[in-house]
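Below, each value reflects all heavy atoms present in this structure, side chains not excepted, and no hydrogens, waters or symmetry copies. Below, chains carry the letters A, B, ... as their sequence lines are ordered, and counting in each starts from 1.
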2 protein chains.
Amino acid sequence: MRIVTWNKHLTRNSAVAKSGTAQPRQETRIQKKNKELILGAALEVFSSYGFRGSTIDQIANQAGLSKPNLLYYFPSKEAIHAALLDALLDTWLDPLRALDPEGEPVAEILDYVHRKLEMSRMYPRESRLFANEIIQGAPRILENLEGELRALVDEKAAVLEDWMTAGKIAQTHPHHLIFSIWSLTQHYADFEVQVRAIRTKQDIYEEADTFLQNLFTRLLKV
Amino acid sequence: MRIVTWNKHLTRNSAVAKSGTAQPRQETRIQKKNKELILGAALEVFSSYGFRGSTIDQIANQAGLSKPNLLYYFPSKEAIHAALLDALLDTWLDPLRALDPEGEPVAEILDYVHRKLEMSRMYPRESRLFANEIIQGAPRILENLEGELRALVDEKAAVLEDWMTAGKIAQTHPHHLIFSIWSLTQHYADFEVQVRAIRTKQDIYEEADTFLQNLFTRLLKV
DNA sequence: GTAAATTTTGACCGAAAGGTCAAAGGCACG
DNA sequence: CGTGCCTTTGACCTTTCGGTCAAAATTTAC
């Protein structure tokens with residue numbers, strides 16, 4: 001995925017003026033700090049209100065910066081959003097990538113479920129950021145879904161299918177098996193408000209883990 | 001849930017002037033037509049962009065009305081949204097209400113799954129309207145979630161628990177069983193773009209139905 | 001310590017958004 | 001066929017929003 005870093009002020013810096021070639025001068029400590037600050041604030045805001053529902057002022061406010069100052073680091077609201085999705089999309093799929101074709105089938109899948117649930121527990125805002133984006137038609141990441149994501153899923157679905165053919169796990173639809181893992185685990189992050197409105201209990205994720213491990217154990221048993 | 005119908009023009013109509021009591025004059029045919037038109041358009045727009053991401057102009061445009069004309073029927077953007085959620089919340093829970101304590105346990109649950117999936121297939125926009133609202137913290141329906149919804153879920157969870165105690169279905173966490181049905185079925189509506197990006201196939205819902213029936217059959221088997 | 005570069009800010013701009021209003025255009029009914 | 005209510009509209013108002021800019025403040029590099 002394309003990394004978005006056209007810093008206005010960096011394109012007219014001394015490196016360019018002196019050498020004529022546009023080799024990006026390295027980030028200053030302030031730049032690094034503030035970009036992280038902004039992305040953190042943007043995650044908070046975008047995940048709560050969606051792209052169109054969020055304002056630059058909200059993000060700047062959350063980050064403790066003035067609006068023009070924020071726009072000094074990112075050229076537009078779009079750019080912040082893109083940078084966030086960009087950074088996230090990669091790490092978000094790590095649990096699925098970790099599914100090992102050489103491992104013990106049932107354990108691999110149960111591990112995947114566990115890791116994915118852990119992602120919901122640790123990074124609910126990230127989960128909601130994606131959820132918001134996808135519910136609203138994924139205008140900014142459709143390409144990635146049809147490209148990278150689809151390729152990865154197809155690859156892993158093939159692994160699952162092999163396991164089924166080999167009689168290591170029960171026959172089901174491999175793609176829908178993956179969908180089911182996503183939906184079940186992400187539900188606890190994306191619909192957290194609803195879950196907590198109904199089930200007022202501290203350790204929701206512990207209950208969920210027990211429930212899901214049992215569910216998939218039963219589903220996969222040959 | 002409170003019904004929202006303070007039509008500015010109806011509060012100063014002749015019925016009031018003549019009798020002194022505020023008995024709402026019945027809706028004209030034009031009012032009925034246009035209100036439906038507006039709610040339909042609003043569903044389309046709100047479900048695509050969320051509340052804050054949608055504009056009155058978009059809705060008016062979609063409905064083929066001018067903005068002031070739309071605001072003649074509903075006093076504000078808020079009011080349209082409230083009316084939509086209001087009407088929907090009720091019917092959305094019908095499948096769960098239909099779960100019959102006297103029925104055959106496994107069949108009842110499998111039917112519920114089927115009905116819920118059918119809702120996703122027939123009313124994906126309604127599903128996304130809720131999803132948008134809940135992901136963004138459910139600011140407008142939190143009360144309903146903690147009230148009506150929770151009561152209904154608790155009631156049905158008790159039924160499930162009875163079935164488990166009686167050995168009619170396998171032991172699991174009843175609340176999470178309900179959550180799992182919601183998440184699995186709604187996923188196909190809410191994340192439709194993602195599902196279709198990965199699985200380019202016409203009859204996704206047929207596949208899903210087969211998959212889910214199998215999943216819950218296995219989960220519930222004693 | 002000073003010159004150059006980086007960072008921050010207040011003032012400002014044009015467009016879009018939610019909503020109002022008065023007046024005009026229809027419609028229904030005696 | 002005219003009177004009174006219902007419906008529609010264009011013009012307008014205020015606030016919010018995304019973004020710019022020039023100048024001031026601060027850091028960095030020598």
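- With sequence neighbours left out, the side chain to side chain contact (heavy atoms under 4.5 Å, CB included) criterion links B:A208 to A:H176, B:L117, B:Y188.
- Within the 4.5 Å cutoff, the side chain of B:I181 has no heavy atoms near those of the B:L96 side chain.
- Rounding to whole angstrom units, CZ of residue B:F74 and P of C:dT20 are separated by 15 Å.
- Qualifying side chain to side chain contact (heavy atoms under 4.5 Å, CB included) partners for A:K33, counting only residues two or more places apart in sequence or in other chains: none.
- Every residue two or more places apart in sequence or in another chain that forms a side chain to side chain donor-acceptor pair (under 3.5 Å) with A:Y112 is listed here: A:W182.
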Check nucleotides 9-13 of chain D for protein N or O atoms closer than 3.5 Å to its own N or O atoms and list the pairs.
residue : atom : partner : partner atom : Å
D:dT9   : OP2  : B:S66   : OG           : 3.3

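- Residues forming a side chain to side chain donor-acceptor pair (under 3.5 Å) with B:H187 (at least two apart in sequence, or on another chain): none.
- Taking the side chain to side chain donor-acceptor pair (under 3.5 Å) definition, one finds that B:H173 meets it with A:R199, A:E207, sequence neighbours left out.
- Against DNA chain C, the stretch residues 43-62 of chain B makes heavy-atom approaches under 4.0 Å through B:S54, B:T55, B:I56.
- The shortest distance between the side-chain N/O atoms of B:Q31 and the OP1/OP2 oxygens of D:dT7 is below 4.0 Å.
- Note: NE2 (A:H81) to C1' (D:dG18) measures 16 Å, nearest angstrom.
- The interatomic distance linking A:N34 (CG) with C:dT7 (P) rounds to 8 Å, in whole Å.
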Tabulated below should be each protein N or O lying under 3.5 Å from an N or O of nucleotides 24-28 of chain D; please produce it.
residue : atom : partner : partner atom : Å
D:dT27  : O3'  : A:R29   : NH2          : 3.4
D:dT28  : OP1  : A:R29   : NE           : 3.1
D:dT28  : OP1  : A:R29   : NH2          : 2.6
D:dT28  : OP2  : A:R29   : NH2          : 3.4

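- Among residues at least two apart or in separate chains, ring-ring contact (aromatic ring centres under 6.0 Å, His included) pairs with a member in residues 120-141 of chain A are A:W92-A:F130.
- When each of B:D90, B:L89, B:L93, B:L149 is checked for a side-chain contact (heavy atoms from CB on, under 4.5 Å) with B:N144, only B:L89 meets the rule.
- Considering only the side chain of A:Y73, C:dT8 comes nearest among D:dG19, C:dT8, C:dG19.
- One interatomic measurement links the two molecules: CD1 of B:I38 to C1' of D:dT7, which rounds to 12 Å at whole-angstrom precision.
- Note: NZ (B:K33) to C1' (D:dT8) measures 12 Å, nearest angstrom.
- Looking at residues two or more places apart in sequence or on another chain, you find a side chain to side chain contact (heavy atoms under 4.5 Å, CB included) between A:E78 and A:F51, A:S76, A:R140.
- For B:S47, the side chain to side chain donor-acceptor pair (under 3.5 Å) criterion is met by no residue, not counting sequence neighbours.
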Can I get a per-line list of side-chain donor-acceptor pairs under 3.5 Å for residues 36-46 of chain A, giving both atom names and the distance, sequence neighbours left out?
residue : atom : partner : partner atom : Å
A:E44   : OE1  : A:R125  : NH1          : 2.6

